[in-house]
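To keep things clear, I will list the structure first and then write my remarks on it.
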Protein chains: 2
Amino acid sequence: MTNVTQDVRDDFVRLWGSLGTFWGVSPTTARVFGWLFSRSEGADAEEMMTALDLSRGAVSMSCKELRDWGLLTSERPPGSRRTLYSSERDLEKVVRHVVQIRKQREWDPILENLEAWLPRLESESGDDAEFLAERLKAVEQLVELADSMVERLLKGGTVTNFGLKVLVGGAARRSKKPRTSDKAS
Amino acid sequence: MTNVTQDVRDDFVRLWGSLGTFWGVSPTTARVFGWLFSRSEGADAEEMMTALDLSRGAVSMSCKELRDWGLLTSERPPGSRRTLYSSERDLEKVVRHVVQIRKQREWDPILENLEAWLPRLESESGDDAEFLAERLKAVEQLVELADSMVERLLKGGTVTNFGLKVLVGGAARRSKKPRTSDKAS
DNA sequence: CAAGGTCTTCAGGAAATATTGAAAATTCGG
DNA sequence: CCGAATTTTCAATATTTCCTGAAGACCTTG
């Protein structure tokens, strides 16, 4: 393996790590996934410790978390004592798993709260209660819309399929066209 | 205003605050927005300090950040020396602004990186470089798909309109039906 | 079933992030 | 312009989040 390849891999792992918060895990956990995803073969804990400069505990915890998210598999090959980890290879599956888990953990509780608050406000009279109820209903409506879209994404086969429903104009084609709003004033 | 209304408002502000990281701001900043959004009238800094138990500096910084995101407006009414802050009232606009800014700050750099990495790998030969290029292309494809969808959301008028494109089955209706996958095994 | 090897857990330390508080800047009326 | 009222800024501090390291659990093989 050349240095170029290794450099690109390192950059990719770094970027992916910095994106961890975006999908709800720590940078280290995200780096572990990125690293595994960038390799054609699985790896054992020792290898990750070296490659990513992590403690044994960090590797173990990250892998556990990624397993919980359904983003990697672990197996123990016969004849070896070490666990071999491999990332999920299908990125769409990765997206679906992440979306599903975040939905359960974060969106569903919001809706439960909203559903508990509105009846309480309806039993009140003042203008203030009415106004707040209005606003909460607006929130509920939007969250429920997002919720339905997520449901559809999860049930509807591939992410790409989901995208095609939206991108009727054909903008989904992989293209080199410059993105808009790149460097707004 | 009754205690019930105030209690609901407080709970709402607390929840909204805990969601801050989800859309990329600190809990305090998120609470400020939630509080303003829950009120029919604007408020001055003094009032926020009391209601949200924040320092003067925190209020100023939070409001500045929210203004940057386009989520609140500030005006100085004639005859008063205090700035009056009001939240954006249209939740859809809020969503669009948040999405747009996060796209610019986070997604666009990803695509730029990917576009720089792939040519470097293509000038390499080994299996390893080829494999990594494959994976990066998969990432690029997905990010570009997401990108296109976001563009469409931003350009396509309302969030609700966007949702209707996806929810052809009518699942978008505001309903009381229990959400699926609430408490999975 | 003992021993060596590997993984997991978790208390404690380290790093990153958020918030305060007070000094400096700004704004406005006089 | 001056001075009071208000906002902004930012170094210091507090808080949260993350990672380490070592003790113990768990396997696997001889």
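Every chain is numbered from 1, with letters handed out A, B, ... down the list of sequences.
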Between side-chain atoms of residues 29-36 of chain B and protein atoms elsewhere (two or more places apart, or another chain), which donor-acceptor pairs fall under 3.5 Å?
unit_1: B:Thr29; atom_1: OG1; unit_2: B:Ser26; atom_2: OG; d: 3.1
unit_1: B:Thr29; atom_1: OG1; unit_2: B:Ser62; atom_2: OG; d: 3.3
unit_1: B:Thr29; atom_1: OG1; unit_2: B:Glu65; atom_2: OE1; d: 3.2
unit_1: B:Arg31; atom_1: NH2; unit_2: B:Leu52; atom_2: O; d: 2.9

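- Shown here are the ring pair (Phe, Tyr, Trp, His ring centres under 6.0 Å) partners of A:Tyr85, two or more places apart in sequence or in another chain: there are none.
- Ring-plane geometry between A:Trp16 and A:Trp23 is classed as perpendicular, the angle between the planes exceeding 60 degrees on a 0 to 90 degree scale with a lower cut at 30.
- Taking the 5' to 3' direction, DNA chain C first and last meets chain B under 4.0 angstrom from a heavy atom at C:dA18 to C:dG29.
- The nearest heavy atom of DNA chain D to A:Leu54 and to A:Pro78 marks one nucleotide each, and the one closer to the 5' end goes with A:Leu54.
- Applying the side chain to side chain contact (heavy atoms under 4.5 Å, CB included) test to A:Glu88 and every residue at least two apart in sequence or in another chain returns A:Asp90, A:Lys93, A:Val94.
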Under 4.0 Å protein heavy-atom contacts per nucleotide of nucleotides 7-12 of chain D, with B for base, S for backbone only and - for none: BBBB--
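- Between the CG atom of A:Leu15 and the CD atom of B:Glu106 there is a distance of 11.0 Å, given to the nearest 0.5 Å.
- Counting heavy atoms from C-beta on, the side chains of B:Arg120 and A:Asp7 come closer than 4.5 Å.
- For B:Arg105 and B:Trp69, the positive end sits near the middle of the six-membered ring, less than 6.0 Å away and at most 45° from its axis.
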Residues B:Glu151, B:Lys155; criterion salt bridge (Lys or Arg N to Asp or Glu O under 4.0 Å); working and verdict: CA-CA 6 Å; B:Glu151 281 297 327; B:Lys155 298 222 174 81; 3.0 Å; yes
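- Cation-pi geometry between A:Arg39 and B:Phe131 is not met at under 6.0 angstrom from the ring centre and within 45 degrees of the axis.
- Side-chain atoms of B:Arg9 come within 3.5 Å of backbone N or O of B:Ser38 as a donor-acceptor pair.
- To the nearest angstrom, P of D:dT17 lies 13 Å from CD of A:Glu65.
- Overall bending of the helix from C:dC1-D:dG30 to C:dG30-D:dC1, expressed as the angle between end axes built from five pairs apiece, is 30° (10° steps).
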